[in-house]
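One structure is given here, and the rest of the page talks about it.
Keep in mind it's a predicted model, so treat the numbers as computed, not measured. Chain letters run A, B, ... following the sequence lines, proteins first and then strands; every chain starts at 1.
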Amino acid sequence: MINQDKFQKPYNPQEIENSIYEKWLSSGYFNPDNYPENKIKKNKEGQEETFSIVMPPPNANGSLHAGHALFVTLQDILIRFNRMNGKRSLWIPGADHAGFETQVVYEKVLEKEGRSRFALSKEELYKEILDFTLSNKSYMEGQIRQLGASCDWSRELFTLDDRVIKTVYNTFEKLDKDKLLYRGKRIVNWCPKHQTSLSNLETNYIKRKDPFYYFKYGPFTIGTVRPETKFGDKYVVMHPDDERYKEYTHGQKITVEWINGPIEATIIKDKSVDPKFGSGVMTITPWHSTVDFDIAKQYDLDIEQIIDERGKLLPIANEFAGMSIKDARPKIVEKLDSKGLLIKVDNEYEHEVAVCYKCEREIEPQIKAQWFIKMKGLSDRAVKALDEKEFRILTEQHEKVFRHWMSNIQDWNISRQIVWGIPIPAKICIACDHGTVDLKDEITSCPVCSSEVKRDTDTFDTWFSSGQWPLVTTDYPNGSDFQKYYPTSVMETGADILFFWVARMIMLGLYLTDQAPFKDIYLHGLVRDAHGKKMSKSKGNVISPLEISEKYGTDALRMGLIVNNAPGVDMNLDPKKVEAYKKFANKIWNATRFVLERTLNYSSSLTYSQNITNSSDKKIYEESLAKIKEITSDIENYRLHLASEKIYDYFWHQFCDIHIENLKNRILNNEDKISAQATLLAILRNLIITLHPFMPFITEEIWESIKGENDDLLIITDWIN
RNA sequence: GGGAGAUUAGCUCAGUUGGUAGAGCAACUCGUUUACACCGAGAAGGUCAGAGGUUCGAGUCCUCUAUCUCCCACCA
């Protein structure tokens with residue numbers, strides 16, 4: 001029976017969205033276990049067809065932003081489409097504790113309250129961040145629901161759940177056994193503010209002009225922007241073929257006057273020095289420079305720490321000890337100048353300095369004992385998998401970037417000196433600093449020197465555990481989901497975390513299962529404001545997807561996010577565009593009302609197309625089916641930006657503007673009326689089905705009024721094929 | 001230093017395998033005709049950055065130039 005009362009009022013998304021979502025939830029259809037058996041497609045081998053997506057777990061440390069709204073929309077469209085196409089479709093939601101990211105957010109909270117993380121014990125800090133994260137997590141889940149995500153909440157996983165930790169620990173141990181893990185004293189990117197090491201990906205480079213100083217160093221001239229590191233410089237390096245310095249030999253010792261009096265310097269000849277840069281001579285500071293460290297290691301030179309973890313000079317700096325770099329630099333230059341050792345200053349020197357990607361404080365390279373994963377073999381396997389099409393990257397430009405990064409990969413530092421994360425299960429020798437993997441917490445003495453050991457206090461880089469996300473969410477290695485849904489169908493996420501996350505998931509997935517964790521990779525770009533500007537709080541141009549959704553409706557927001565927004569490229573979100581799709585929702589609503597008013601004598605959907613007898617009606621019906629076929633093919637090939645545009649255009653400018661306009665006169669004038677009515681109803685029904693993945697709320701609401709007696713919810717209704 | 005990409009209507013962007021350019025917004029004219037003014041009808045707007053080339057045919061493929069954007073990276 002058709003209920004048309006509700007169509008007397010304009011469409012109001014706020015009134016229906018919550019109840020529709022509740023209806024879906026109580027139907028159980030978000031969970032593929034509840035999929036009606038008779039609808040499931042089987043492949044040639046008689047196996048059920050499945051479709052699966054692992055949701056990139058949003059960081060549980062704030063509200064959802066436009067990027068989240070975009071990925072929810074894209075993934076929900078794919079899931080709904082495949083669900084309607086007879087596949088058991090699983091979308092696994094999650095929440096990310098987001099280690100360093102969240103700790104940084106929480107430190108800002110502390111700062112506002114005038115507190116410091118360093119005044120808290122590790123346990124206290126962990127507890128506070130956990131409470132903060134869990135409350136954000138439930139808030140965030142509500143927002144994902146508001147966006148219409150048809151994910152299976154019964155399978156939701158948090159990145160600190162026991163199942164995750166267990167898998168991560170086993171992987172850590174396996175890497176150790178396979179000799180892909182080592183603990184090494186190496187130069188790491190050290191952030192003096194956050195007091196932790198960072199991976200290369202967590203550093204940015206900013207262009208800066210700094211004074212470049214030339215100093216007299218014995219018979220040589222050396223150049224530097226960092227005089228404060230030069231206290232311990234007792235090696236002077238030049239290219240072996242540099243004619244200017246041929247009188248000096250490798251290993252030769254000379255005495256030079258330096259900052260705090262005369263020192264003995266040793267000549268090193270090494271090809272890494274560029275004779276064309278400056279004077280072609282440099283001194284090295286191995287503790288605080290990667291290049292210098294490599295040279296020092298090669299020739300087995302002494303390595304001395306000059307600057308501590310807080311960015312202050314150590315006792316080696318004599319009268320400057322305890323001073324910060326910033327304060328000390330001009331004073332050191334002054335002293336060198338007064339000793340007649342300053343030759344000149346170039347104030348126009350432009351270079352790039354590494355900074356912490358969160359606080360922009362200059363990275364202070366330090367030598368630290370950290371856990372590293374050898375990446376070369378893992379990356380080779382990933383590239384081979386790509387070559388052999390074990391998975392594909394749908395956007396060509398990203399495939400190129402991926403290959404480039406993979407072939408230049410470096411070992412991965414997975415240790416972080418923060419409390420908010422998964423503790424590294426290892427023991428460290430107090431005497432020799434040797435690290436031993438110890439999942440069961442049973443090792444009490446160092447296997448190398450038998451000395452006492454302590455627990456490693458570091459935690460894993462978040463991305464080490466996230467890198468195993470498709471495994472843990474499908475319950476690797478023995479869960480039935482793992483058998484059924486791994487490898488997943490598609491990984492849809494932001495192009496900005498291609499290296500952070502996608503690359504690591506591929507490498508770890510291949511390492512553990514010999515299968516890439518997903519078949520297709522769909523990457524979306526950044527969501528910018530209406531004029532292509534990056535959204536930022538300071539610019540005040542942040543568009544909250546939840547506000548937009550409340551104002552224009554979730555369906556309109558979803559359309560605004562995807563129509564004509566091509567995969568892989570940055571996209572602009574213009575509220576005016578969303579408004580246009582709010583009008584579209586209203587158009588759909590009114591068109592439905594009109595069609596129902598003129599066709600009330602039809603109540604069973606099954607008879608619709610059978611009553612199309614007029615030959616021109618048949619033709620437009622066939623044309624509508626052809627259009628749907630085209631749209632279907634676009635969705636199957638991830639061209640959602642085209643599919644959404646086509647369904648919009650067809651509904652409005654063909655179905656409404658032309659077909660309804662023409663047929664309504666025939667109905668009024670009683671010319672082949674039944675065929676005209678049947679045509680309108682049949683096309684409307686098919687279009688509502690086709691629109692559903694894009695605009696799930698309004699279509700489900702309309703479906704209630706147009707479905708046949710034997711039809712279930714639209715979410716589970718068969719696609720038009 | 002290395003890499004990837006962009007340049008199409010006033011603005012923001014589509015254009016899938018090469019076949020005489022499309023959408024939304026803005027602006028213009030007309031229209032309240034009984035689904036819808038959150039509307040309809042109509043008109044306007046582009047030598048597809050520039051120059052060469054391949055082709056019967058190029059926004060689409062190739063080369064170069066200009067401008068812009070992003071990513072990666074241990075040159076003192």
Candidates A:Thr229, A:Ile303, A:Ile295, A:Val291 - the one meeting side chain to side chain contact (heavy atoms under 4.5 Å, CB included) with A:Ile284: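 Considering A:Thr229, A:Ile303, A:Ile295, A:Val291, a side chain to side chain contact (heavy atoms under 4.5 Å, CB included) with A:Ile284 is found only for A:Ile295.
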Counterpart base for [N], defined by Watson-Crick or G-U wobble contacts under 3.5 Å:
N: B:A35; answer: none
N: B:C61; answer: B:G53
N: B:G42; answer: B:C28
N: B:U69; answer: B:A4

Would you please say whether a donor-acceptor pair under 3.5 Å links the side chains of A:Asn189 and A:Thr203?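 A:Asn189 vs A:Thr203: no donor-acceptor pair found between side chains.
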Are A:Asp233 and A:Thr285 linked by a side-chain donor-acceptor pair shorter than 3.5 Å?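 Indeed, the side chains of A:Asp233 and A:Thr285 share at least one donor-acceptor pair under 3.5 Å.
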For the residue pair A:Tyr299 and A:Tyr235, is the inter-centroid distance of their aromatic rings smaller than 6.0 Å? no
Determine the Euclidean distance between corresponding [atom1] atoms of [M] and [N]; express it in Å to zero decimal places.
N: B:G31; M: B:A43; atom1: C1'; answer: 14 Å
N: B:G5; M: B:C38; atom1: C1'; answer: 38 Å
N: B:A49; M: B:U69; atom1: C1'; answer: 15 Å
N: B:U20; M: B:C30; atom1: C1'; answer: 31 Å
N: B:G18; M: B:U55; atom1: P; answer: 16 Å
N: B:G46; M: B:A9; atom1: P; answer: 10 Å
N: B:G24; M: B:U8; atom1: C1'; answer: 15 Å
N: B:C64; M: B:A27; atom1: P; answer: 44 Å

Between [N] ([atom2]) and [X] ([atom1]): distance, integer Å:
X: A:Met571; N: B:A6; atom1: CE; atom2: C1'; answer: 15 Å
X: A:Phe651; N: B:C38; atom1: CZ; atom2: P; answer: 18 Å
X: A:Leu526; N: B:U69; atom1: CG; atom2: C1'; answer: 12 Å
X: A:Leu498; N: B:G5; atom1: CG; atom2: P; answer: 14 Å
X: A:Leu573; N: B:C13; atom1: CG; atom2: P; answer: 12 Å
X: A:Leu640; N: B:C13; atom1: CG; atom2: P; answer: 19 Å
X: A:His524; N: B:G5; atom1: NE2; atom2: P; answer: 19 Å
X: A:Glu399; N: B:G3; atom1: CD; atom2: C1'; answer: 15 Å

In B/S/- notation, 5' to 3', how is nucleotides 22-27 of chain B contacted by protein heavy atoms closer than 4.0 Å? BSSSS-
Table of protein N/O atoms under 3.5 Å from nucleotides 35-37 of chain B N/O atoms:
unit_1, atom_1, unit_2, atom_2, d
B:A35, OP1, A:Lys664, NZ, 2.8
B:A35, OP2, A:Arg598, NH2, 2.9
B:A35, O2', A:Arg593, NE, 3.4
B:A35, O2', A:Arg593, NH2, 2.8
B:A35, N6, A:Cys656, O, 3.4
B:A35, N6, A:Glu661, OE2, 3.0
B:A35, N3, A:Asn590, O, 3.4
B:A35, N3, A:Ala591, N, 3.4
B:C36, O2', A:Asn590, ND2, 3.2
B:C36, O2, A:Lys587, NZ, 2.8
B:C36, N3, A:Lys587, NZ, 2.8
B:C36, N4, A:Glu661, OE2, 3.4

Determine, for [X] against [Y], whether the closest basic-nitrogen to carboxylate-oxygen distance falls under 4.0 angstrom.
X: A:Glu399; Y: A:Arg403; result: yes
X: A:Glu630; Y: A:Lys627; result: yes
X: A:Arg392; Y: A:Asp520; result: yes
X: A:Arg226; Y: A:Glu364; result: yes
X: A:Glu101; Y: A:Lys358; result: yes

What are the atom names and distances for every N/O pair under 3.5 Å that joins the protein to nucleotides 70-76 of chain B?
unit_1, atom_1, unit_2, atom_2, d
B:A73, N6, A:Glu352, OE1, 2.4
B:A73, N1, A:Glu352, OE1, 3.2
B:C74, OP2, A:Tyr205, OH, 3.0
B:A76, OP2, A:Tyr349, OH, 3.1
B:A76, O2', A:Gly223, O, 3.4
B:A76, N6, A:Asp274, O, 2.7
B:A76, N6, A:Phe277, O, 2.8
B:A76, N1, A:Asp274, N, 3.3

Within the 4.0 Å heavy-atom criterion, would you say A:Lys533 contacts the bases, only the backbone, or no part of the nucleic acid?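 Contact class for A:Lys533: none.
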Mind checking A:His531 for me? I need base, sugar-phosphate or nothing, with any heavy atom below 4.0 Å counting as a touch.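 Sugar-phosphate only.
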Partner of A:Asp570 under side chain to side chain donor-acceptor pair (under 3.5 Å), chosen from A:Arg528, A:Lys534, A:His524: A:Arg528
Could you label the plane-to-plane angle of the A:Phe584 and A:Phe651 rings as parallel, tilted or perpendicular, counting under 30° as parallel and over 60° as perpendicular?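 Answer is perpendicular, since the angle exceeds 60°.
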Among A:Glu362, A:Glu360, A:Glu352, whose salt bridge (charged side-chain N to carboxylate O under 4.0 Å, His left out) with A:Arg208 holds?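 Of all the options given, the one that passes is A:Glu362.
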May I ask you to check whether over 12 heavy atoms, not counting those of A:Glu350, lie within 6.0 Å of atom CD? yes
